[in-house]
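Below is one structure, written out as structure tokens, with a few remarks after it.
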Amino acid sequence: MNQEYWNERYALGETGWDIGFVSTPIKEYIDQIDDKTKKILVPGAGNAYEVEYLYNQGFTNIFVLDLASLALEALKKRLPSFPDSHIIHDDFFKHHGTYDIILEQTFFCALDPSLRAKYTSKMNEILSHKGKLVGVLFSSVFPFQGPPFGGTIDEYQKLFAPSFNVSFEPCYNSIEPRMGNELWMKGIKGSGIQAGTH
């Protein structure tokens, strides 16, 4: 699942995960962020509707990262004024930077499960002190070979606990086709599982 794989998926329109707009749980989270200067990263963003929504809401410090150049080009066509320097065509695991918030939307589930520990470690590395990793994870194991790859809340808690104070809860605001199959994750940089809500 390298750059060529993902570019081919976009070129062929094989993007079943793409709902065509910002997902409701992410949108409602964004809507309650008061400080629009927060440095925000959306990794593995694909067509990056979350980035588009942030930009149109007046956020000024948004960065998008993806391996698929075609997806990034599509974002630039939709948002010609989006800063080129904030569009990062790179491997997430090789990326260097520091962010206040990282939004997770269909990136984690696109990675081979063997990379999940590396994912949590890298997220911890590039978040600022008390930085937040927030977003949506699937709440079931799929009966097919991914991507997407699912998982369970118990599995996620064990995975994220070494790097984050993390909580998971069922999404009450998923889109209809995903209702009952998504978890809202909120992780604050630091170790130890804790309960919590949005």
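Side chains included, hydrogens not; waters and symmetry mates left out as well; all remaining heavy atoms used.
Stacking of Lys38 on the aromatic ring of Phe59 is not recorded, the 6.0 Å distance cut-off and the 45° axial limit not both being met.
The side-chain heavy atoms of Tyr49 and Arg78, taken from C-beta on, include a pair separated by under 4.5 Å. Considering only heavy atoms from C-beta on, Asp66 stays 4.5 Å or farther from Val42 through its side chain. Counting heavy atoms from C-beta on, the side chains of Val141 and Thr152 come closer than 4.5 Å.
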Please list every donor-acceptor pair under 3.5 Å in which a side-chain atom of residues 126-138 meets a protein atom from a residue at least two apart or in another chain.
| residue | atom | partner | partner atom | Å |
| --- | --- | --- | --- | --- |
| Ser128 | OG | Tyr99 | O | 3.2 |
| Ser128 | OG | Asp100 | OD1 | 3.2 |

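Taking CG of Leu115 as the reference point, atom CZ of Phe93 lies at 5.0 Å (rounded to 0.5 Å). The OG atom of Ser139 sits 12.0 Å away from the CD atom of Glu155 when rounded to the nearest 0.5 Å. For the atom pair Glu169 CD and Met185 CE, the distance stands at 12.0 Å (nearest 0.5 Å).
In this structure, Trp184 has its ring center closer than 6.0 angstrom to the ring center of Tyr29. Taking the six-membered ring wherever Trp is involved, the centroid distance between the rings of Phe164 and Tyr156 does not fall below 6.0 Å.
Grouping the Ile, Leu, Val, Met, Phe, Trp and Tyr side chains by contacts below 4.5 angstrom, directly or via other members, places Phe108 with Ile153.
The minimum heavy-atom distance between Asn61 and His86, with the atom names listed, is OD1-CE1, 4.0 Å. Heavy atoms only, all atoms of each residue included: Pro25 and Cys171 are closest at CG-SG, 4.1 Å.
At a threshold of 4.0 Å, the pair Lys94-Asp90 does not count as salt-bridged, since none of the basic side-chain nitrogens sits closer than that to a carboxylate oxygen.
Applying the side-chain hydrogen bond (donor to acceptor under 3.5 Å, both in side chains) rule to Gln57 yields no partners; only residues at least two apart in sequence or on another chain are considered.
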